[in-house]
Amino acid sequence: MLLGNFWRMLLQGNLSAPNGTGSDPSMFFLTGIPGLEALHPWISIPFCSMFTVALLGNCTLLYVIKTEPSLHKPMFYFLAMLAVIDLVLSTTTVPKILSIFWFNSREISFNACLVQMFFLHSFSTLESTLLLAMAFDRYVAICNPLRYVTILTNSVIAKIGLVALARAVLLVLPLPFLLRRLPYCRSHIISHCYCEHMAVVKLACADTSFNNIYGIIVTVFIVGLDLMFISLSYVKILRAVLSLASKEEQLKAFGTCGSHLCAILIVYTPVVLSSTIHRFGRHVTPYVHILLANFNLLFPPMMNPIVYGVKTKQIRDRVCLLFRGKSF
């Protein structure tokens, strides 16, 4: 009900600026990659390739998990949620990016910009929370294997998914409201390929301290807490693995975490790299920041199904069987 009212108010433009001040822009303009406009057609080739791989990989993963009864387990339910998140993140932004590269279609309505930003940030938050849930799954599987089935029941998994979704929505929901109330009397040109919170905030001609502080708090609350609890889970997992008698048992137990560890590196490494360059690389050209931001957006959805497909035997065997069957 809350979300329904929110979308109606947002799309009808009823979230007016306070005291009637400021302008209510009907249109923004995305620049693509500033400084590399002439190379947009060439840059679109890797972008389109990564987008295609992400779509095919995640759709295949969802199909395999749905149709293979042996994969109806907690670990693969979480993996299916991750695939859905990656699909939403890709389809929310990449089609518009490609339309900029191919057709110079830079216009985006203010309301569509806010909707895109909401989905981008909420599902990025959801992805981080889900990686934490998957760390908990691995912790239970290794540290409490006999209680794994009784702890991670289908109802518990559904509740974890709903809590993760509620957390993402509640944390990101204020952002469109805050942006909608700001006056925009400066340029309406967004120096980015998509509507990102801080890129829009920079266009406001009012005090944006609260927006900046709220954005930092949400980022620290999400990334900081999630990484802290993921690290804590793996400390306990490492202790449990090292307590096993034989080297073979240790490798087998820790091998079950390989895919999840790769997913964590795939998601967080580009984010940390981009943040480091943004904070300390003051002399780095703007297009480097934009390229890194797009890499953060495209790389995880492309790589997650590949990593899990290669490292998880059940998925690998099922995919091979699927394509073998189609070849006849």
Side-chain angles (χ1 to χ4, degrees), residues 7 10-11 13 15 22-52 54-55 86-125 172 175-206 208 211-212 215 270-271 274-275 277-278 284-302:
W7 293 126
L10 190 61
L11 293 173
L15 297 175
S23 63
D24 181 14
S26 60
M27 194 69 67
F28 277 144
F29 299 90
L30 297 162
T31 59
I33 303 178
L36 297 179
E37 289 86 355
L39 298 176
H40 276 178
W42 295 103
I43 296 172
S44 71
I45 296 173
F47 273 60
C48 185
S49 301
M50 294 170 76
F51 181 52
T52 303
L55 288 180
D86 285 340
L87 284 172
V88 172
L89 284 173
S90 299
T91 54
T92 300
T93 52
V94 179
K96 182 59 182 178
I97 294 172
L98 292 177
S99 73
I100 296 171
F101 291 164
W102 290 339
F103 311 113
N104 199 31
S105 175
R106 303 190 302 127
E107 303 86 358
I108 184 170
S109 71
F110 184 45
N111 291 329
C113 183
L114 295 183
V115 171
Q116 185 188 66
M117 186 206 67
F118 174 80
F119 276 100
L120 172 67
H121 290 300
S122 60
F123 276 82
S124 296
T125 301
V172 178
L175 295 181
F177 284 91
L178 293 171
L179 289 175
R180 195 69 174 83
R181 294 174 64 84
L182 288 174
Y184 296 90
C185 48
R186 296 176 185 169
S187 169
H188 291 172
I189 298 174
I190 300 174
S191 299
H192 216 303
C193 293
Y194 51 84
C195 290
E196 188 266 337
H197 175 242
M198 290 310 300
V200 178
V201 167
K202 289 177 182 177
L203 302 182
C205 53
T208 59
N211 296 70
N212 296 330
V271 172
S274 180
S275 298
I277 292 176
H278 186 73
V284 176
T285 52
Y287 66 76
V288 173
H289 296 292
I290 306 298
L291 284 171
L292 274 173
N294 284 282
F295 183 75
N296 295 346
L297 187 67
L298 282 164
F299 188 64
M302 179 188 71

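Computed from a prediction, not measured in an experiment: that's the story for all the values here.
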What I'd like to find out is whether the side chain of T92 reaches to under 4.5 Å of the side chain of V115, using heavy atoms alone. no
Are C113 and M27 close enough, and set up right, to give a side chain to side chain contact (heavy atoms under 4.5 Å, CB included), and what steps lead you there? CA-CA 9 Å; C113 183; M27 194 69 67; over 6 Å; no
If I take atom CD1 from residue I43 and atom CD1 from residue I97, how far apart are they, to the nearest 0.5 angstrom? 11.5 Å
Any pair counted as side chain to side chain donor-acceptor pair (under 3.5 Å), so long as it reaches residues 39-48, sequence neighbours left out: S44-W102
Ring pair (Phe, Tyr, Trp, His ring centres under 6.0 Å) partners of F28, counting only residues at least two apart: F110, Y184, H188
Nearest-0.5 Å distance that lies between atom CD1 in I100 and atom CD in E107: 9.5 Å
Note, N111 side chain near R180 side chain (heavy atom, < 4.5 Å): yes
Applying ring pair (Phe, Tyr, Trp, His ring centres under 6.0 Å) to F299 and not counting sequence neighbours gives F295
Those residues that, when tested against C193, pass disulfide (SG to SG under 2.5 Å) (two or more places apart): none
What distance do E37 atom CD and F101 atom CZ have between them, rounded to the nearest 0.5 Å? 10.0 Å
Kindly determine whether V94 and F47 satisfy side chain to side chain contact (heavy atoms under 4.5 Å, CB included), including the steps that lead there. CA-CA 8 Å; V94 179; F47 273 60; 5.6 Å; no
Report yes if some heavy atom in the side chain of P301 is under 4.5 Å from a heavy atom in the side chain of F51; otherwise report no. no
Can you measure from CG (L292) to CG (L297) and round to the nearest 0.5 angstrom? 12.5 Å
Does some side-chain heavy atom of L36 sit less than 4.5 Å from a side-chain heavy atom of I290? no
Does Q116 use its side chain to pair, donor to acceptor, with the backbone of L114 at less than 3.5 Å? no
Applying side chain to side chain contact (heavy atoms under 4.5 Å, CB included), can you list everything that pairs with N212, at least two apart in sequence or on another chain? M198, V201, T208
With sequence neighbours excluded, tell me which residues meet side chain to side chain contact (heavy atoms under 4.5 Å, CB included) with S49. I45
Between N294 and Y194, is there a side-chain heavy-atom distance shorter than 4.5 Å? yes
Who pairs with T31 by side chain to side chain donor-acceptor pair (under 3.5 Å), at least two apart in sequence or on another chain? none
For the pair T93 and L298, evaluate side chain to side chain contact (heavy atoms under 4.5 Å, CB included) and give the outcome as yes or no after the intermediate values. CA-CA 10 Å; T93 52; L298 282 164; over 6 Å; no
Is there a side-chain contact between V172 and F118 in this structure, where contact means two heavy atoms from C-beta onward sitting under 4.5 Å apart? yes
Whether K202 side chain and I190 backbone form a donor-acceptor pair below 3.5 Å: no
Say whether, by atom type as modelled, one donor and one acceptor occur between the side chain of H121 and the main chain of H197 under 3.5 angstrom. yes
Could you state the interatomic distance from CZ (F29) to OG (S191), rounded to the nearest 0.5 Å? 13.5 Å
Looking at S124 and L120, what are the two nearest heavy atoms and their distance? OG-O, 2.7 Å
Test N211 against L182 for side chain to side chain contact (heavy atoms under 4.5 Å, CB included), laying out the working first. CA-CA 10 Å; N211 296 70; L182 288 174; 3.9 Å; yes
